[in-house]
Amino acid sequence: MAISLGELTNRIGGTLNGDADILITGIASLKNARAGDLSFISNKRYRPELLKTAASAVIVLPELLDDCPSNSIVMDDPYAGYALASGLFYKRHVDSLGVHPSSVIADDCVLGENITIGANCVIESGVHLGSNTVIGPGCYIGNGVSIGNNGYLAANISICSSTKIGDNVILHPGVVIGADGFGFARHQGKWLKIQQLGTVLIGKDVEIGANSTIDRASIDHTFIGDGVKIDNQVQVAHNVHIGDDTVIAGCVGIGGSTKIGKRCAIAGKASIVDHVEIHDDVTLTAATFVTESILEPGVYSSGTTAQPNARWRRNAIRFKQLDELLKTITRTEKPE
């Protein structure tokens with residue numbers, strides 16, 4: 001597609017400096033941009049690349065305007081401007097509207113307008129699909145599932161029975177929603193299965209990455225709020241509650257019945273034990289291990305960063321000696 005710089009500015013906001021009639025045909029990095037490309041800079045450390053860019057236009061911070069060699073759109077948050085612009089150039093590929101003849105759909109399903117269902121799908125009884133929803137090849141949708149308008153399910157996704165999903169939800173390949181939670185009771189040396197009788201409720205504008213899993217509740221429901229974004233290979237256990245507009249990066253594990261507040265940011269490989277509460281507006285840095293509730297907003301971290309193995313081994317031994325060291329210090333400082 002091609003769009004004039006003036007029209008693009010109107011669509012994403014900001015202040016235009018330069019030729020409003022120039023055509024923008026794509027988006028590229030500062031380093032690789034060519035004539036017709038739009039680029040952006042949101043970090044001052046890339047200023048050297050800005051000075052040399054061949055982009056036809058750049059979304060820039062106000063303080064970098066004088067360094068821009070081309071047309072510009074000035075915004076306080078160029079990264080957000082880039083996000084909005086990317087939506088103008090993205091078009092999801094859909095082979096065709098309608099139902100592929102290899103798919104199996106129960107007679108009592110309710111399908112909205114402009115539905116696409118790819119090859120080899122199975123859609124069971126009582127399913128409701130909203131209008132403009134796309135179901136990719138190889139998907140399974142269980143009894144009584146409801147999916148809102150404008151949903152997009154990529155290939156090989158499983159949505160188990162009674163799951164409720166809101167509008168504008170994107171699910172990437174391999175997502176599983178509503179499988180049994182990990183519930184077992186110890187009895188006479190054996191493990192008794194606790195049947196998972198609840199469901200999963202997912203709000204609107206949610207995106208869930210490839211091969212992530214959200215377990216159904218043991219009773220009641222597992223809840224994913226509006227605007228939540230979940231990366232690849234994330235495990236959300238039964239009865240978890242995730243508040244609106246929280247983002248969760250890859251390989252995070254969340255234990256059962258944990259409650260996570262609104263607008264939280266959880267970095268990759270963080271681990272959260274079961275039955276804890278995390279306040280609104282909490283950030284967990286990478287590999288943070290949460291073992292108790294966090295009841296105040298802020299940034300939280302744990303663990304140690306990489307270091308040469310020999311030094312790490314010495315420090316690990318010293319860590320084991322901390323208790324004895326504390327006792328020694330206490331005895332030394334104790335008054336006569």
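Keep in mind the model is a prediction, meaning the values are calculated, not measured.
The nearest pair of heavy atoms linking Gly136 to Cys121 is O-SG, 3.0 Å. In terms of heavy atoms, Ala155 sits closest to Cys139 at C-SG, 4.3 Å. The two residues Ala237 and Gly256 have their closest heavy-atom pair at CB-N, 3.4 Å. The minimum heavy-atom distance between Val175 and His172, with the atom names listed, is CG2-O, 3.2 Å. Between Val58 and Ser70, the closest heavy-atom pair is CG2-OG, 3.8 Å.
Although no hydrogens or angles enter the test, the distance criterion places no donor-acceptor pair under 3.5 Å between the side chain of Ser161 and the main chain of Asn143. Put simply, the side chain of Ser162 never gets that close to the backbone of Gly144: no donor and acceptor are under 3.5 Å apart. No donor-acceptor pair under 3.5 Å is formed between the side chain of Thr116 and the backbone N or O of Val134. At distances below 3.5 Å, at least one donor-acceptor pair connects side-chain atoms of Asn149 with backbone N or O atoms of Ser131. Between the side chain of Arg34 and the backbone N or O of Ala28, no donor-acceptor pair lies under 3.5 Å. Under a 3.5 Å cut-off, the side chain of Asp231 and the backbone N or O of Gly250 do form a donor-acceptor pair. Thr199 contributes no side-chain N or O that, together with a main-chain N or O of Gly178, makes up a donor-acceptor pair within less than 3.5 Å. Checked by atom type and distance alone, the side chain of Thr222 pairs as donor or acceptor with a backbone atom of Asp215 at under 3.5 Å. Not one N or O on the side chain of His221 forms a donor-acceptor pair closer than 3.5 Å with the backbone of Phe223. Proximity of a side-chain donor or acceptor of Thr258 to a complementary backbone N or O of Val273 within less than 3.5 Å is detected.
In Lys229, the NZ atom is crowded: over 12 heavy atoms of neighbouring residues, nucleotides or ligands sit closer than 6.0 Å. More than 12 heavy atoms of other residues, nucleotides or ligands sit less than 6.0 Å from atom CZ of Phe184. Dense packing is recorded around CG of Asn43, with more than 12 heavy atoms of other residues, nucleotides or ligands lying under 6.0 Å away. Within 6.0 Å of atom CZ in Phe89, more than 12 heavy atoms from other residues, nucleotides or ligands are found, so the atom counts as buried in its surroundings. Annotation for Lys269: atom NZ does not count as buried by contact number, only 12 or fewer foreign heavy atoms lying within 6.0 Å. Around atom NZ of Lys52, no more than 12 heavy atoms belonging to other residues, nucleotides or ligands sit under 6.0 Å away.
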Test log, rule side chain to side chain contact (heavy atoms under 4.5 Å, CB included), inputs Ser56 and Ile24 | CA-CA 7 Å; Ser56 290; Ile24 301 299; 4.1 Å; yes
Please assess Tyr140 against Glu124 for the test side chain to side chain contact (heavy atoms under 4.5 Å, CB included), listing each intermediate value before the final yes or no.
-> CA-CA 8 Å; Tyr140 165 77; Glu124 294 191 340; 3.1 Å; yes
Check the pair Asn211, Asn232 against side chain to side chain contact (heavy atoms under 4.5 Å, CB included), reporting the backbone distance first and the verdict last.
-> CA-CA 6 Å; Asn211 295 318; Asn232 302 335; over 6 Å; no
Would Ile272 and Ile266 satisfy side chain to side chain contact (heavy atoms under 4.5 Å, CB included), going step by step from the backbone distance to the final call?
-> CA-CA 10 Å; Ile272 304 171; Ile266 301 175; 4.0 Å; yes
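In this structure, CD1 on Ile260 lies 8.0 Å from CG on Leu284, to the nearest 0.5 angstrom. Separation of atoms OG (Ser212) and CD (Gln233) is listed at 7.5 Å; rounding is to 0.5 Å. Rounding to the nearest 0.5 angstrom, the gap separating the CG atom in Leu84 from the CE atom in Met75 is 6.5 Å. Rounded to the nearest 0.5 Å, atoms CG (Leu129) and CD1 (Ile165) are 10.0 Å apart. One finds the CG atom of Leu5 at 8.5 Å from the OG atom of Ser72 (value rounded to the nearest 0.5 Å). Atom CG of Asp281 is separated from atom CZ of Arg263 by 4.0 Å, given to the nearest 0.5 angstrom.
A side-chain N or O of Asn168 and one of Asp205 form a donor-acceptor pair less than 3.5 Å apart. Side chains of Asn150 and Asp167: a donor-acceptor N/O pair is absent below 3.5 angstrom, by distance only. Side chain to side chain, Asn239 and Ser218 meet the donor-acceptor criterion of an N or O pair below 3.5 Å. With hydrogens and angles left out, the side-chain atoms of Ser257 and Asp274 include no donor and acceptor closer than 3.5 Å.
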List the atom pairs, donor and acceptor, that lie under 3.5 Å between side-chain atoms in residues 289-300 and the rest of the protein, sequence neighbours left out.
from	atom 1	to	atom 2	distance (Å)
Ser293	OG	Glu277	N	2.9
Tyr300	OH	Glu296	O	2.8

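Of the residues listed (Val240, Asp244, Asp245), the one engaging Ile242 in a side-chain contact (heavy atoms from CB on, under 4.5 Å) is Val240, and it is the only one. Tested against Asn17 for a side-chain contact (heavy atoms from CB on, under 4.5 Å), the candidates Leu65, Thr9, Ile73 yield a single pass: Leu65. Under the side-chain contact (heavy atoms from CB on, under 4.5 Å) test applied with Ile123, the options Val104, Val145, Ile117 reduce to a single match, Ile117. The residue from Leu51, Ile41, Val60 that alone fulfils the side-chain contact (heavy atoms from CB on, under 4.5 Å) condition with Asp67 is Leu51. Put simply, the residue from Ile105, Ile147, Ile177, Ile157 that forms a side-chain contact (heavy atoms from CB on, under 4.5 Å) with Ile141 is Ile147.
At least one side-chain heavy atom of Thr328 sits less than 4.5 Å from a side-chain heavy atom of Arg331.
In this pair, Tyr79 and Tyr82 present their aromatic rings tilted. The plane angle is within the 30 to 60° band.
The salt bridge (charged side-chain N to carboxylate O under 4.0 Å, His left out) check on Lys44 picks up Glu63, with sequence neighbours excluded.
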